[in-house]
Q: 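Next up is a structure, given as structure tokens.
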Amino acid sequence: MGKDSIKLIANNKKAYHDYFVDETYEAGIELFGTEVKSMRLGHCSVKEAFIRPDKGELYIYGMHVNPYEKGNIFNKDPLRTRKLLLHKQEINRLMGKAQEKGYTLVPLQVYFKGSLVKVQVGLCRGKKLYDKREDIAKKTQKRELERDFKQANIRV
């Protein structure tokens with residue numbers, strides 16, 4: 001496994017359905033040893049997770065990391081808050097944008113980059129109901145076009 005190879009651990013598909021993603025940032029995350037071992041096995045979920053600033057730092061809440069089976073007393077709470085590691089300049093920029101009306105910080109992906117665990121943070125705007133319906137209609141139309149194209153190729 002190379003230094004820049006990326007292995008996806010968890011993906012937040014719901015975020016792309018509920019939000020418009022304007023910008024993305026890569027952040028490190030503060031973890032304990034047993035949490036990293038559990039993530040290597042793929043036991044992580046960011047579906048219900050969100051990011052909030054607190055005292056000049058960014059923290060991720062609601063990210064679930066299953067306890068490592070062989071970790072016994074060293075295991076931590078699966079839903080504990082974890083600190084995100086970014087440059088001060090990036091944190092200030094994200095905090096400023098998050099203060100604007102309609103913007104929120106959402107974790108989009110958790111992955112290994114080399115041997116480090118990274119979180120892709122999205123600066124997002126919430127979608128209205130009609131935006132979601134529009135996306136579903138486009139997805140359905142695209143699926144039908146692909147199905148028709150596939151059937152046309154089979155007949156030829």
Side-chain angles (χ1 to χ4, degrees), residues 1-100 102-129 131-136 138-140 142-143 146:
M1 196 153 114
K3 190 174 187 176
D4 291 331
S5 64
I6 291 175
K7 180 188 171 213
L8 189 66
I9 302 169
N11 198 1
N12 193 351
K13 292 179 186 174
K14 195 170 194 252
Y16 291 102
H17 178 72
D18 292 340
Y19 300 100
F20 292 114
V21 180
D22 289 347
E23 295 177 32
T24 59
Y25 293 87
E26 183 179 75
I29 185 167
E30 192 175 74
L31 296 171
F32 289 97
T34 54
E35 290 175 323
V36 176
K37 288 179 181 183
S38 182
M39 284 186 170
R40 286 204 187 283
L41 299 173
H43 299 301
C44 177
S45 173
V46 288
K47 284 188 178 87
E48 303 296 322
F50 59 96
I51 297 169
R52 220 181 250 158
D54 184 32
K55 298 177 188 163
E57 304 278 350
L58 290 178
Y59 292 92
I60 187 166
Y61 296 85
M63 182 173 126
H64 189 275
V65 178
N66 281 357
Y68 184 58
E69 302 99 46
K70 300 177 180 103
N72 57 44
I73 61 166
F74 300 109
N75 281 333
K76 302 291 179 193
D77 178 29
L79 288 171
R80 73 179 185 86
T81 59
R82 295 166 178 92
K83 188 163 114 175
L84 293 180
L85 308 171
L86 286 146
H87 291 284
K88 198 65 160 173
Q89 191 176 356
E90 289 176 315
I91 292 172
N92 291 337
R93 177 174 163 69
L94 283 171
M95 284 171 54
K97 285 283 192 174
Q99 298 298 325
E100 289 180 26
Y103 277 104
T104 187
L105 297 171
V106 178
L108 302 174
Q109 291 180 338
V110 179
Y111 54 91
F112 277 104
K113 188 173 185 181
S115 63
L116 303 174
V117 179
K118 300 288 185 177
V119 178
Q120 186 179 33
V121 177
L123 184 64
C124 304
R125 288 179 292 126
K127 284 186 182 179
K128 302 279 189 248
L129 186 60
D131 291 326
K132 292 179 189 178
R133 286 190 193 132
E134 207 173 278
D135 281 353
I136 292 169
K138 283 180 187 175
K139 202 179 285 183
T140 305
K142 183 180 174 190
R143 196 179 305 124
E146 286 176 357

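Every value quoted in this text rests on a predicted model; they were computed, and no experiment measured them. The figures that follow rest on heavy atoms only: side chains count, while hydrogens, waters and symmetry mates do not.
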Q: Taking the side chain as every heavy atom from C-beta outward, state whether Ile136 and His17 have any pair of such atoms under 4.5 Å apart.
A: yes
Q: Minimum heavy-atom separation for Ile51 to Val106, with atom names?
A: CD1-C, 4.1 Å
Q: Calculate, to the nearest 0.5 Å, the distance between atoms CD and OG1 belonging to Glu30 and Thr81 respectively.
A: 9.5 Å
Q: Would you say Ile29 and Leu85 make side-chain contact, with heavy atoms under 4.5 Å?
A: no
Q: Looking only at non-hydrogen atoms, find the nearest pair between Met95 and Pro53 and report the distance.
A: CG-CB, 3.5 Å
Q: Drop me the distance from Phe112's CZ to Arg40's CZ, to the nearest 0.5 angstrom.
A: 4.0 Å
Q: What residues, two or more places apart in sequence or in another chain, satisfy salt bridge (Lys or Arg N to Asp or Glu O under 4.0 Å) together with Asp22?
A: Arg125
Q: For Pro107, does its backbone N or O pair with a side-chain atom of Asn12 as donor and acceptor, under 3.5 Å?
A: yes
Q: Main chain of Thr34, side chain of Ser38: is a donor-acceptor contact present, judged purely on distance under 3.5 Å?
A: no
Q: Would you say CD of Glu100 has more than 12 non-hydrogen atoms from neighbouring residues, nucleotides or ligands within 6.0 angstrom?
A: yes
Q: Taking all non-hydrogen atoms of both residues, which atom of Asp54 and which atom of Tyr59 are closest, and how far apart?
A: O-CE1, 3.7 Å
Q: Rounded to the nearest 0.5 Å, how far does CD of Glu134 lie from NZ of Lys139?
A: 13.0 Å
Q: Any non-hydrogen side-chain atom of Lys83 less than 4.5 Å from a side-chain atom of Leu58?
A: no
Q: Look up atom OG1 in Thr104 and atom OH in Tyr19, then write down how far apart they are to the nearest 0.5 Å.
A: 5.0 Å
Q: Give the minimum heavy-atom separation between Ile91 and Gly56, together with the two atoms involved.
A: CG2-O, 3.6 Å
Q: For the CG atom of Leu123 and the CG atom of Leu105, what is their distance to the nearest 0.5 Å?
A: 6.0 Å
Q: Taking the side chain as every heavy atom from C-beta outward, state whether Ile9 and His43 have any pair of such atoms under 4.5 Å apart.
A: no
Q: Would you indicate whether Lys132, at its atom NZ, is surrounded by more than 12 heavy atoms from other residues, nucleotides or ligands within a distance under 6.0 Å?
A: yes
Q: Answer yes or no: are there more than 12 heavy-atom neighbours, outside Lys127 itself, under 6.0 Å from its atom NZ?
A: yes
Q: Can you give me the closest heavy-atom contact between Cys44 and Val65, atom names plus distance?
A: SG-CG2, 4.3 Å
Q: Under a 4.0 Å threshold between the charged nitrogen and the carboxylate oxygen, would Glu57 count as salt-bridged to Arg52?
A: no
Q: Tyr111 and side chain to side chain donor-acceptor pair (under 3.5 Å): which single residue from Gln120, Glu26, Lys118 fits?
A: Glu26
Q: Go through it in stages, so that I can follow the logic: the residues are His64 and Asn66, the test is side-chain contact (heavy atoms from CB on, under 4.5 Å), and I'd like the CA-CA distance, side-chain angles, deciding distance and then a yes or no.
A: CA-CA 6 Å; His64 189 275; Asn66 281 357; 2.6 Å; yes
Q: So Val110 and Val117, do their side chains get closer than 4.5 Å, heavy atoms only?
A: yes
Q: With heavy-atom distances below 4.5 Å as the criterion, would you say the side chains of Arg93 and Tyr25 are in contact?
A: yes
Q: Looking at Arg80 and Phe32, what are the two nearest heavy atoms and their distance?
A: NH2-CD1, 3.2 Å
Q: Do Thr24 and Val121 have side-chain heavy atoms sitting under 4.5 Å apart?
A: no
Q: Would you call Val21 and Tyr16 a side-chain contact if the rule is heavy atoms closer than 4.5 Å?
A: yes
Q: Determine, for Glu35 against Arg82, whether the closest basic-nitrogen to carboxylate-oxygen distance falls under 4.0 angstrom.
A: yes
Q: Other residues, nucleotides and ligands only: do more than 12 of their heavy atoms fall within 6.0 Å of NZ on Lys88?
A: yes
Q: How long is the straight-line distance from CG of Asn92 back to NZ of Lys97, given to the nearest 0.5 Å?
A: 14.0 Å
